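See below for the structure under consideration.
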Protein chains: 2
Amino acid sequence: MTTDSEPGRRERNKQLKQARIFQAARELFDRRGYAAATTQEIADLADVASGTLFRYATTKAELLLMVYNEEYRAAIERGIHAAADESGAERRLRALLGPLLTASRTNSENTAVYQREVLFGDPDEQYRAAGLELSRQLQESIAAILLDDDPRVPPTTGSEVAARAISDILHLEIARSGLGRDSSEDLLGLVFAQIDLVVIGFRATLSATLSAT
Amino acid sequence: MTTDSEPGRRERNKQLKQARIFQAARELFDRRGYAAATTQEIADLADVASGTLFRYATTKAELLLMVYNEEYRAAIERGIHAAADESGAERRLRALLGPLLTASRTNSENTAVYQREVLFGDPDEQYRAAGLELSRQLQESIAAILLDDDPRVPPTTGSEVAARAISDILHLEIARSGLGRDSSEDLLGLVFAQIDLVVIGFRATLSATLSAT
DNA sequence: GCAAATAACGGAGTACACTCATTAATGAGC
DNA sequence: GCTCATTAATGAGTGTACTCCGTTATTTGC
């Protein structure tokens, strides 16, 4: 009886293993990149059998999502806080997305794979679902900023449409920058040039709708 | 001497094999879907050894791109023609993209894999390069429509930025619809709602730029 | 404490995309 | 037509993600 309601040895062991696997995956993906790191190596480093590894993550891709969800969750949270201190949709969006875009520039290969897997993998797998939830949250924050922007706000005026467009642009441009296409490599400029268009379009649409009633 | 400049037996045999492989890949991808079709089956149906298959397409994904590039090339061509008969950016874009979006609704799994592979695979592989070229062409057509739209046209006014945003939206929304997310399933409506925002944003930006000078 | 039930582990086994050393076919020079 | 160089075809082999089921550890009921 160390302290109160014990989780039981079994549960504790599971959590320890989970932690070891997380660390091992992070380490090897960072050091050698997603493709080069084998699940066997990760299992070895985590000191579990390969079969065990797959009880904690159903797929190699799930391991990557497990690791990077944490990075991105943190980046998005920072962005949400930063956005709260700004005003004007453009400035707030820059504050919101800045941390995420910065985080996306480290370890380009893994960034691209992350996007690929979140977008295209089985959405029922645990960590992929978590990644999608992050994306959904971000999209909501974007929609909120768009609505806030205009004081004449009648809620639900297609802000979700604009937010979705922005989210799509984000996902793909981050992926492309990770893949090393785009000679220029000015991810920030490229992304915001596109986003601003959507924002302006949203505003114009909103004005038109309002003056029509 | 059947007729003029013979291609030689070797070349003819290669083309025959290429054709058999194309057919076999098409057939099996259509019948069983990308994931379920094995390269061995395709090789068998094409009546070549598995090793030979990979001399004609370096990758299983390349086989898919090989097949579907043709579908999409045709759809885009139809779209370009249809757009020529319309006026107004919104109408022309609907005409341009309609055939592509319609084609994307058959065989959803393969559609999603196609998008995944064009976007994320090695751009130096033969058929992927061809797929990217198609996407680039479509993007150009979009940019051209945007510029044409406004008679006060000073060329190169960020129409590429808008076209790129639209292209990103297209790629992702087509992919998502192939993946069967989005309960609604109104691909056309979803896509054009987003595209129209970008178009309006582009116009507004253009007007602002023009009146500033 | 012991037995039975349940959950987690392990690691050999499987499936499948892709490779590579060997063999066969083709065409050029004579 | 024969020889030789070049190119293509072959299929057994390889690497790796993932599975499966017998074994082991933990918990529960008595």
Side-chain angles (χ1 to χ4, degrees), chain A residues 1-2 5-21 24-25 28-29 32-67 113 116-117 120-122 124-128, chain B residues 1-2 5-21 24-25 28-29 32-67 113 116-117 120-122 124-128:
Chain A
M1 51 165 85
T2 36
S5 65
E6 311 276 306
R9 202 201 308 283
R10 200 171 259 176
E11 188 56 27
R12 263 180 295 131
N13 261 324
K14 258 173 65 167
Q15 287 181 0
L16 281 179
K17 259 174 200 152
Q18 155 69 32
R20 289 210 310 275
I21 288 169
L28 283 172
F29 286 145
R32 328 208 321 135
Y34 180 78
T38 70
T39 55
Q40 190 58 61
E41 286 175 309
I42 295 171
D44 289 349
L45 185 58
D47 195 33
V48 295
S50 65
T52 304
L53 188 71
F54 286 100
R55 298 180 47 73
Y56 287 82
T58 54
T59 274
K60 185 185 179 185
E62 278 275 288
L63 286 170
L64 187 79
L65 294 164
M66 180 179 84
V67 169
V113 177
R116 188 187 71 200
E117 291 300 326
F120 289 92
D122 177 355
D124 293 338
E125 288 181 336
Q126 177 179 189
Y127 294 108
R128 194 133 18 197
Chain B
M1 52 167 84
T2 37
S5 63
E6 310 276 303
R9 203 201 305 284
R10 196 169 262 177
E11 189 56 28
R12 263 181 294 133
N13 261 323
K14 260 174 64 169
Q15 286 181 359
L16 280 179
K17 258 174 200 152
Q18 155 69 32
R20 291 210 309 276
I21 288 169
L28 283 171
F29 286 145
R32 329 208 319 135
Y34 181 78
T38 70
T39 54
Q40 189 59 63
E41 286 176 307
I42 295 172
D44 289 349
L45 185 57
D47 195 34
V48 296
S50 65
T52 305
L53 190 70
F54 288 100
R55 297 179 48 74
Y56 287 80
T58 54
T59 275
K60 185 185 179 185
E62 278 274 288
L63 286 170
L64 187 79
L65 294 164
M66 180 180 83
V67 170
V113 177
R116 188 186 71 200
E117 291 300 327
F120 289 91
D122 177 356
D124 292 340
E125 287 181 335
Q126 176 179 189
Y127 294 109
R128 194 134 17 199

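Per chain, numbering begins at 1; letters A, B, ... match sequence-line order. Values in this document were obtained by computation on a predicted structure and should not be read as measured data.
- Neither OP1 nor OP2 of dT16(D) sits under 4.0 Å from any side-chain N or O of K60(A).
- Every pair passing side-chain hydrogen bond (donor to acceptor under 3.5 Å, both in side chains) that includes a residue from residues 44-55 of chain B is listed here, sequence neighbours excluded: Q40(B)-D44(B).
- Of the residues in residues 40-59 of chain A, those lying under 4.0 Å from DNA chain D by heavy-atom distance are G51(A), F54(A), T59(A).
- Side-chain nitrogen and oxygen atoms of K14(A) include none within less than 4.0 Å of the OP1 or OP2 phosphate oxygen of dA7(C).
- Between dC16(C) and T39(B), no contact under 4.0 Å exists linking OP1 or OP2 to a side-chain N or O.
- M66(B) is listed as a side-chain neighbour of I21(B), based on a closest heavy-atom distance under 4.5 Å.
- With a 4.5 Å cut-off on side-chain heavy atoms, L53(B) and L63(B) count as touching.
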Output one letter per nucleotide in nucleotides 25-30 of chain D: B when a protein non-hydrogen atom lies under 4.0 Å from the base, S when only the sugar-phosphate is that close, - when neither is. BBS---
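- What separates CG of L64(A) from P of dA17(D) is a distance of 13 Å, to the nearest Å.
- Here the OG1-CD distance, from T59(B) to E117(B), works out to 8.0 Å after rounding to the nearest 0.5 Å.
- A cation-pi contact, defined as under 6.0 Å to the ring centre and within 45° of the axis, links K60(A) to Y34(A).
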Before giving the answer on side chain to side chain contact (heavy atoms under 4.5 Å, CB included), spell out for V113(B) and F120(A) the whole-Å C-alpha distance, their side-chain angles and the decisive distance to 0.1 Å. CA-CA 8 Å; V113(B) 177; F120(A) 289 92; over 6 Å; no
